[in-house]
Amino acid sequence: DLVDWQKPLLWQVGYLGEKYDEWVHQPVDRPIRLFHSDFLEFLSKTAWYVVFMVWTPVVLYLSWVSYTSLAQGNTRLFSSFTTEYSIPVHKYYFPFIFLLGMILWSLVEYLIHRFVFHMKPPASNYYLITLHFLLHGQHHKSPFDSSRLVFPPVPASLVIGFFYGVLRLLLPEVLGLSVFVGGLCGYVIYDMMHYYLHYGSPKKGTYLYGLKAYHVKHHFEHQKSGFGISTRFWDYPFRTLIPEETFKKED
């Protein structure tokens with residue numbers, strides 16, 4: 001009764017104030033409309049395979065560019081500080097740099113999920129509540145809306161472009177690109193895995209079965225913990241792991 005489900009929700013949730021946090025964590029099994037505009041509504045929805053089709057060719061192309069650029073032998077680490085002690089980066093290092101990018105993405109995934117997607121907006125701030133609902137609140141309110149389980153390519157390209165720019169500033173061009181493409185691959189795996197954790201049926205006892213149970217707990221019982229999606233690794237050092245006893249009780 002707090003919102004009118006026949007109208008777009010994005011412009012309503014900001015008025016919930018102190019009731020928003022409790023309301024958004026009470027899931028419903030129904031589709032959500034965010035915008036009045038049909039075009040904006042279309043851009044806010046994405047089928048899972050669109051992410052794979054859009055970004056996989058980019059990962060393959062940039063991987064080839066990174067490897068062939070490293071093969072030229074011109075990339076050196078710390079060359080901007082000293083030429084005498086700079087370290088050459090050979091093409092054989094590319095798989096390890098790529099893997100480093102994937103690991104860094106898993107950390108970024110955790111940090112964004114915990115500190116951005118699960119921020120608690122001030123009850124008096126209409127705009128922060130609206131932003132939170134747009135970024136992640138709508139997913140927790142309607143976790144079974146299959147059209148909103150992956151990140152739409154248009155806004156995703158802005159975020160991806162930002163991280164690419166940061167790596168270009170911090171690292172030599174080819175090295176930064178190699179780390180970036182590994183992180184981009186990690187993002188694609190994350191989005192595909194997130195969809196599968198909601199709609200897939202992994203075999204009991206497998207890694208994905210454990211992740212699915214973990215993610216279900218995050219949605220329905222432990223919204224303030226269990227922020228890892230593609231891996232639970234970062235929940236250990238940051239002490240946000242969902243207690244094991246909650247799983248043992250079910251068994």
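None of the values given here were measured: they were computed from a predicted structure.
Taking 4.5 Å as the limit, some side-chain heavy atom of Phe220 sits within range of a side-chain heavy atom of Pro143. Phe227 places none of its side-chain heavy atoms less than 4.5 Å from the side chain of Leu111. In this structure, the side chains of Ser106 and Tyr190 stay at 4.5 Å or more apart for every pair of heavy atoms. Using a 4.5 Å heavy-atom cutoff, the side chains of Ser69 and Leu177 are not in contact. Using a 4.5 Å heavy-atom cutoff, the side chains of Thr68 and Trp64 are in contact. In this structure, the side chains of Leu128 and Pro122 come closer than 4.5 Å at one or more pairs of heavy atoms. For the pair Lys120/His132, no side-chain contact is recorded, criterion being any heavy-atom separation below 4.5 Å from C-beta on. The side-chain heavy atoms of Tyr199 and Phe144, taken from C-beta on, include a pair separated by under 4.5 Å.
Of the possible polar contacts, none joining the His25 side chain to the Gln223 backbone as a donor-acceptor pair under 3.5 Å is found. The backbone N or O of Val59 lies less than 3.5 Å from a partner atom in the side chain of Ser63, making a donor-acceptor pair. Under the 3.5 Å distance criterion, the side-chain polar atoms of Tyr110 are left unmatched by any main-chain donor or acceptor of Trp105. Of the possible donor and acceptor atoms, none in the side chain of Asp235 sits under 3.5 Å from a partner among the backbone N and O of Ser225. A donor-acceptor pair under 3.5 Å is absent between the side-chain atoms of Glu109 and the main chain of Gly228, judged by distance alone. Here the side chain of Lys141 pairs a donor or acceptor atom with the backbone of Gln26 at under 3.5 angstrom.
Counting only N and O atoms by type, the side chains of Tyr164 and Arg168 include a donor and acceptor under 3.5 Å apart. Side-chain contact check for Tyr187 and Asp191: at least one donor-acceptor pair (N or O, by modelled atom type) lies under 3.5 Å.
By the neighbour-count criterion of 12 heavy atoms within 6.0 Å, atom CE of Met119 is densely surrounded, having more than that number from other residues, nucleotides or ligands. Heavy-atom neighbours of Tyr92 OH from other residues, nucleotides or ligands within 6.0 Å: at or below the threshold of 12. When the shell of 6.0 Å around OH of Tyr209 is examined, it contains 12 or fewer heavy atoms from other residues, nucleotides or ligands. For Lys7, the NZ atom is loosely surrounded, since the number of other residues' heavy atoms within 6.0 Å does not exceed 12.
A salt bridge between Arg33 and Asp4 is absent, with no side-chain N of the basic residue lying under 4.0 Å from a carboxylate O of the acidic one. Note on Glu41 versus Arg148: salt bridge recorded, some NZ/NE/NH1/NH2 to OD/OE distance being below 4.0 Å.
Using a 30° and 60° split on the angle between ring planes, His118 and His218 fall in the perpendicular class, above 60°. Taking the six-membered ring where the residue is Trp, Trp234 and Phe238 present tilted rings, their angle falling between 30° and 60°.
Hydrophobic clustering (ILVMFWY, side-chain heavy atoms < 4.5 Å, transitive): Tyr196 and Tyr207 are in one cluster. Hydrophobic clustering (side-chain heavy atoms under 4.5 Å, transitive across Ile, Leu, Val, Met, Phe, Trp, Tyr) keeps Tyr236 apart from Ile103. Hydrophobic clustering places Leu211 together with Leu149 (ILVMFWY residues linked when any side-chain heavy atoms are closer than 4.5 Å, directly or through intermediates). Under the 4.5 Å side-chain heavy-atom criterion for Ile, Leu, Val, Met, Phe, Trp and Tyr, Phe180 and Phe162 are members of the same hydrophobic cluster. Under the 4.5 Å side-chain heavy-atom criterion for Ile, Leu, Val, Met, Phe, Trp and Tyr, Val154 and Leu135 are members of distinct hydrophobic clusters.
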Kindly indicate, with the supporting measurements, whether the criterion side-chain contact (heavy atoms from CB on, under 4.5 Å) is fulfilled by Phe98 and Cys185. CA-CA 9 Å; Phe98 187 95; Cys185 181; 3.5 Å; yes
Could you go through Leu16 and Val3, starting from their C-alpha distance and side-chain angles, then the distance that decides it, and tell me whether this counts as side-chain contact (heavy atoms from CB on, under 4.5 Å)? CA-CA 8 Å; Leu16 295 180; Val3 296; 4.3 Å; yes
Decide side-chain contact (heavy atoms from CB on, under 4.5 Å) for Val159 and Phe151; before the verdict, give the C-alpha distance in whole Å, the side-chain angles of both, and the deciding distance to 0.1 Å. CA-CA 10 Å; Val159 179; Phe151 206 17; 4.1 Å; yes
Go through the steps to decide whether His198 and His139 satisfy the test side-chain contact (heavy atoms from CB on, under 4.5 Å), and finish with yes or no. CA-CA 11 Å; His198 278 261; His139 172 56; 3.4 Å; yes
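Considering every non-hydrogen atom in both Leu40 and Ser37, the closest pair reads N-OG, 3.2 Å. Contact record, Lys217 with Ile242: CB-CD1, 3.7 Å, taken as the closest heavy-atom pair. Listed here is the closest heavy atom pair of Trp48 and Met192: O-CE, 3.1 Å.
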